[in-house]
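Report on one structure; see the data block that follows.
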Amino acid sequence: MKKNGNHSSGPGGGDEGGDENKLIAERRAKLAELRRAAGAGGAYPNDFRRDALAGELQAAYGERSGEWLEANPTRVHVGGRLMFKRLMGKASFAKIADRTGQIQLYLQQETLGPVYEAFKGWDVGDILGGSGLLFRTRTGELSVRADELRLLTKSLRPLPDKWHGLADTETRYRRRYVDLIMSDTSREVFRTRAHIVRYLRDFLDALDFLEVETPMMQPIPGGAAARPFRTHHNALDLDMYLRIAPELYLKRLIVGGLDRVYEINRNFRNEGLSTQHNPEFTMLELYLAWADYRDIMDWVEKATRGLADTLNGRLQLTCQGRQYDLAQPFRRVTVEQAIVESNPGIDPLSLRDATYLRKRCDQLGIAYSSDDGPGKLLIGLFEKTAESALLDPTFVFAYPVEVSPLSRPNDADPFIADRFEFFIAGREIANGFSELNDPEDQAARFRAQAARKEKGDEEAMFYDADYVRALEYGMPPTAGLGVGIDRLVMFFTDSPSIRDVILFPHMRPEA
RNA sequence: GGGGCGUUAGCUCAGUCGGUAGAGCAUCGGACUUUUAAUCCGCUGGUCGACGGUUCGAUUCCGUCACGCCCCA
């Protein structure tokens, strides 16, 4: 605890963190002086309005010559955060940043008088508003010759080094606001994220899909194999779960005749954190009646390509140092083919033989339980040995029915379901299948899942009687898809960690 | 859960074979009326992540813990 800063309203910054320091103390003293001298608007006025944005000015006048600007006097009111300050005696330069970019102000003592003297005490990080005529400096930078300048918001905390920015990953995630102030690329990631989501909405809206919202708090968590978060509804005295997937609700809507529905929202899974897992993550799920999984694969391919084209204007891009050409047709292989490719010497004819698979799993150190049949063992093998090799966009299909309790079995081969997963850069991006709409088969699958859960498999599904009842009313032949939006954004923004594409990723509380 | 690495000034980082620490930038004071990581002069600024052990002495060595990053399960 240090001196200073004891305004009644002020949390004092150091009440818990104790991170007050000399720099902050200096700024608090400046703020105290501002409060003393402040007029009607106080130290935090809100009566300045901009009529121009930095990026727009750069775009509109960046090419204009100094002569042109002089011949066509253009007055602008700009505002933003002071990112750069250079005092040179009786004249100074300042750069302010708004959401579109930066613009330089040229300040002269002669013009500004006492405001110029005040400016000398303002700090990088403060928020200013100013107005004046556009001109071009001797070195050619478009600037505003300010004849009015105001400090609108005093910043009490120093920003990171202008040149190095904020390098510490922990601080970037914990204080995303500072990261966003300092890093153009970070801001760009989240703009791209928004563009991706908008593209997908437009894509589906154009196909006459209906965007819907289904419960995030569910009495029975379903639609995926995952451990849920629990919560409690006090008034109903009811334990509830944060959803692990919206699937079973969305398919109820297909039963209801909506035919084409999607939802983009958060799922919650009570699992570990990694570069590819955040406890809450964003999923696009869609369901399409009168279609099968192959139709969905075609759409995924089309949308992925369309995204690249919309975001970058081209189908070639780089992710983590590797080139991707989305113009090439996306590969389609079965689970078993993918395993054979990644496991030289494996016997392709024994991939449904549990004894053989257990032996392979033992050799590779893949854990399994005694209840696991060949389908589960096969997927264990696939995930361990084949997934990370799937760099170019690849559809892997023919997943075992055993691990696909909501998927329609293949007509010709009852071992597999009409299901695929979509991989890019070794990461699962999407999962889709022809939906199981046989209520009696679904009931049997739920019973099998419930039995596994009884035996301690925490990821096994609950029996959802209302969902079975819905299917008993009749669900038309349907295909569905889930897309991991965060991972898709990682690919298109070349981000190595899911935390780079989530504004506020989950962290342990600060010490 | 296991392994590796990290945590030093506001930021980015050095460093101390154990004797309580330094640079650049920022801040603060001064000079400078078109700068571009401006320049010049001067001064500040640290519980070296936390706790314990060894030691005359620990930021440094050892242990435990916290937080983070990476890899594995």
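In what follows, chains carry the letters A, B, and so on, assigned in the order in which the sequence lines appear, proteins first and then strands, with residues in each chain numbered from 1. Note that the coordinates shown come from a computational prediction; the quantities given were computed from them, not determined experimentally.
A donor-acceptor contact under 3.5 Å is not formed by the side chain of E170(A) with the base of U7(B). Side chain Q108(A) to base U33(B): a donor-acceptor pair is found below 3.5 Å. Contact annotation: side chain of T137(A) to base of U35(B), donor-acceptor pair present below 3.5 Å. For U39(B), the base has no donor-acceptor partner in the side chain of R86(A) [N/O atoms by modelled type, under 3.5 angstrom]. Not a single donor-acceptor contact under 3.5 angstrom links the side-chain atoms of R138(A) to the base of U34(B).
For the P atoms, the distance from C41(B) to U55(B) is 50 Å, rounded to whole Å. A gap of 50 Å separates the C1' atoms of C70(B) and A31(B), to the nearest Å. Going from the C1' atom of C69(B) to that of G49(B) covers 15 Å, rounded to whole Å. If you take atom P in U54(B) and the same atom in G63(B), they sit 15 Å apart, rounded to whole Å. Comparing the C1' positions of A26(B) and A9(B) gives a spacing of 11 Å, expressed to the nearest Å. Spacing of C1' atoms, G24(B) relative to A37(B), comes out at 11 Å, to the nearest Å. Here, G46(B) and G10(B) have their P atoms 8 Å apart, quoted to the whole Å. Rounded to whole Å, the P atom of A14(B) lies 11 Å from the corresponding atom of G6(B).
Of the side-chain N and O atoms in R499(A), one or more sit less than 4.0 angstrom from OP1 or OP2 of C70(B). OP1 or OP2 of A38(B) has at least one side-chain nitrogen or oxygen of K162(A) nearer than 4.0 Å. Distances shorter than 4.0 Å separate none of the side-chain N or O atoms of K90(A) from OP1 or OP2 on U35(B). For the pair R508(A) and A66(B), the criterion of a side-chain N or O lying under 4.0 Å from OP1 or OP2 is not met.
With both pairing distances under 3.5 Å, G63(B) is matched to C51(B) as a Watson-Crick or G-U wobble pair.
Taking atom CZ of residue R28(A) and atom C1' of nucleotide U27(B), one finds them 16 Å apart after rounding to whole Å. Rounded to whole Å, atom C1' of U34(B) lies 11 Å from atom CD of E141(A). Remark: C1' of G68(B) and CZ of R175(A) are 14 Å apart, rounded to the nearest angstrom.
The nearest heavy atom of RNA chain B to G140(A) and to T171(A) marks one nucleotide each, and the one closer to the 5' end goes with T171(A). Nucleotides of RNA chain B nearest to Y106(A) and V124(A) differ in position, and the one nearer the 5' end is that of V124(A).
Proximity note for K22(A) (side chain, C-beta onward) versus U27(B), U35(B), C69(B): the nearest is U27(B). Among the nucleotides U34(B), C11(B), A37(B), the one closest to the side chain of P160(A) is C11(B).
By the 4.0 Å N-to-carboxylate-O rule, E336(A) lies close enough to R352(A) to be salt-bridged with it.
Cation-pi check for K90(A) over Y116(A) is not met; the charged atom does not lie both under 6.0 angstrom from the ring centroid and within 45 degrees of its normal.
Taking the six-membered ring for Trp and the full ring otherwise, the centers of F462(A) and Y241(A) sit less than 6.0 Å from each other.
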